[in-house]
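One structure below.
Residues: numbered from 1 along the sequence shown. Note that ligands are numbered from 1 as they come in the structure, with each ligand's atoms numbered from 1 the same way.
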Amino acid sequence: MKMSGYFDYNATTPLSDGARDAWLRASERHWHNPSSLYREAAMTKRKLDEARQRLGELLGCEPERIVFTSGATESNNALFTRMGDTLGKQTRVVSSSIEHPSVREFLQRQFGSRVTLVKTTPRGELDADDFTEHLARNDVGLVTVMAANNECGLLQPWRDIAELCRERGVLVHTDAAQWIGKLPAHELGACDYITGCAHKFGGPKGVGFLVMRDEQETLSFLRGGPQEEGRRAGTENYPGIEAMVVALEELTPKLAGVALEQSVMRDDFEKNMLTTFPDLRIIGQGAERLWNTSMFVLPHGDNRKWLARLSQQGFAVSTGSACSAGHDGSSVVLSALGASMDEMSRVIRVSGGWDTTAADWRALAETFTAVSCKMPAVATTRG
Ligand code: PLP
């Protein structure tokens, strides 16, 4: 589906045509409960297992490792619940300071002071020396670092992290909700645990998965029926799962080309923005970022006013920090990336999609320029 003014793909994506067709087909033909014992139900169960097999191929992991969930939040919460039950009481968890709240807040609740956050470089990348130093401690049992950041699009070196963890015998998890569907995912299976969700890549909302280390591992987050081989209670959402897998199957062969083309358009957009706003600060500039994401601090004007004016002109962008706001309105992630409170009130995130055109990016930059004249010239600080 083409949506020229929509630049909030990191928040969620429209359902792809293929995913919609797959969902409808599955809902019409295979709506039976896969746990029931008659022929139609057995067919739904077979279809479900085939979808698991196909997803395993896309992620480079054995299908038996995949547990379907309601989305990335559940996957993260379920994993850390398990880790809380299975890791030793003195065991530490290493993570980054720019994780999604479904990781950061749950880790905090589950492990408290046993969580170590690795320092970030001024560009937001994980500080490799600091990471190696933490990993060298003998009491680390789990490392969890996201693959791609939802706010500024920073990519984290999950392959290197997985390798280092394997050498040390430490478990490694990556929240790849923003990576999957935007960059090739077939090597992710090297991580012990992977989180993903459909609505970030053209699949339906309320469907996701957690890849576990092996098929023997249990989850106790949801209790009830013995679905998902006893690992996740609740009737499987086969139509949603089928639509998710189709969405990813359709995107995967296109990803390399899309990444090349789209990153040029995003970079041109940033150049255009810098021409209009020479003082614009692009967060994560120079570091490896998702091809679709640009997050920046505007030189003036409250970001909510920018959002409202852009919305009047048909453009949907984001302040990027809605779900990482602290109690004082500050963003945990932005402060880790070195933004002051004043700058946080001027931060905007734009995130394009697979079909966003150069004309769409240009129109967005032009609208920022046009709206700029209507914005107060002096920086505003939120109370
Ligand atoms: N993890 C990351 C990195 C995300 O970007 C998001 C969604 O914004 C989530 C987890 C939560 O995903 P869901 O909406 O499927 O629970």
Side-chain angles (χ1 to χ4, degrees), residues 6-15 19 55 59 66-81 95-109 120 124 126 143-158 161 173-183 185 188 191 193-211 219 221-222 232 234 237 240-241 243-245 247-248 283-284 289-295 316-325 331-334 336-337 349-353:
Y6 186 70
F7 280 89
D8 201 14
Y9 279 82
N10 285 9
T12 196
T13 61
L15 198 64
L55 183 60
L59 299 175
I66 301 172
V67 178
F68 291 117
T69 65
S70 67
T73 299
E74 182 192 320
S75 300
N76 290 335
N77 285 211
L79 176 65
F80 300 135
T81 301
S95 189
S96 88
S97 44
I98 60 168
E99 296 297 309
H100 187 268
S102 59
V103 168
R104 190 181 60 240
E105 287 178 19
F106 212 84
L107 278 185
Q108 202 56 45
R109 191 178 109 179
T120 48
L126 217 62
V143 168
T144 171
V145 173
M146 71 199 322
N149 179 265
N150 45 306
E151 303 214 31
C152 58
L154 268 169
L155 304 183
Q156 298 290 21
W158 56 264
I161 292 173
H173 165 245
T174 190
D175 175 351
Q178 295 288 346
W179 177 288
I180 296 169
K182 298 196 186 95
L183 290 167
L188 279 169
C191 298
Y193 306 98
I194 313 162
T195 289
C197 63
H199 74 106
K200 305 291 185 187
F201 52 80
K205 299 186 192 8
V207 194
F209 54 86
L210 174 65
V211 175
L219 285 171
F221 186 60
L222 294 183
R232 194 251 184 197
N237 174 6
I241 291 165
M244 166 170 74
V245 176
L248 192 55
I283 295 179
R289 283 182 290 158
L290 285 173
W291 49 261
N292 74 325
T293 308
S294 179
M295 188 178 221
V317 302
S318 149
T319 59
S321 50
C323 59
S324 52
S331 156
V332 179
V333 171
L334 288 174
L337 295 169
R349 174 188 74 186
V350 305
S351 49

Identify, with sequence neighbours excluded, every residue that meets ring pair (Phe, Tyr, Trp, His ring centres under 6.0 Å) alongside Y193. none

Counting heavy atoms only, which part of H199 comes closer than 4.0 Å to ligand 1: side chain, backbone, both or neither? side chain

Given side chains that start at C-beta, do those of S70 and V207 come closer than 4.5 Å, heavy atoms only? no

Verdict with supporting geometry, T13 and H199, side chain to side chain donor-acceptor pair (under 3.5 Å): CA-CA 6 Å; T13 61; H199 74 106; over 6 Å; no

Take every heavy atom of S102, measure it against each atom of ligand 1, and state whether any distance is under 4.0 Å. yes

Against heavy atoms of G71, which atoms of ligand 1 measure under 4.0 Å? 15 (O)

What do we get for K205 next to ligand 1 when only non-hydrogen atoms under 4.0 Å count, side chain, backbone, both or neither? neither

Between ligand 1 and N10, is the shortest N or O to N or O distance under 3.5 Å? no

Heavy atoms of C197 and A72 approach each other most closely as CB-N, 3.5 Å

Sequence neighbours excluded, which residues qualify as side-chain contact (heavy atoms from CB on, under 4.5 Å) partners of A148? L155, Q178, W179, L290

Looking only at distances, can you tell me whether any N or O atom of S70, backbone or side chain, sits closer than 3.5 Å to an N or O atom of ligand 1? no

One residue to check: T73. Relative to ligand 1, which of side chain, backbone, both or neither has a non-hydrogen atom less than 4.0 Å away? both

T293 and N10: side-chain donor and acceptor closer than 3.5 Å? yes

List ligand 1 atoms under 4.0 Å from M146, heavy atoms only on the residue side. 3 (C)

Determine whether the side chains of N76 and S102 contain a donor N or O and an acceptor N or O closer than 3.5 Å. yes

Under 4.0 Å, counting heavy atoms only: does E99 come that close to any atom of ligand 1? no

So which bit of A177 gets within less than 4.0 Å of ligand 1, heavy atoms only: side chain, backbone, both or neither? side chain

Side chains of K205 and T12: is there a donor and an acceptor less than 3.5 Å apart? yes

Say whether C197, considering both its backbone and side-chain N or O atoms, lies within less than 3.5 Å of an N or O atom on ligand 1. no

Below 3.5 angstrom, do we get any N/O pair linking K200 and ligand 1? yes

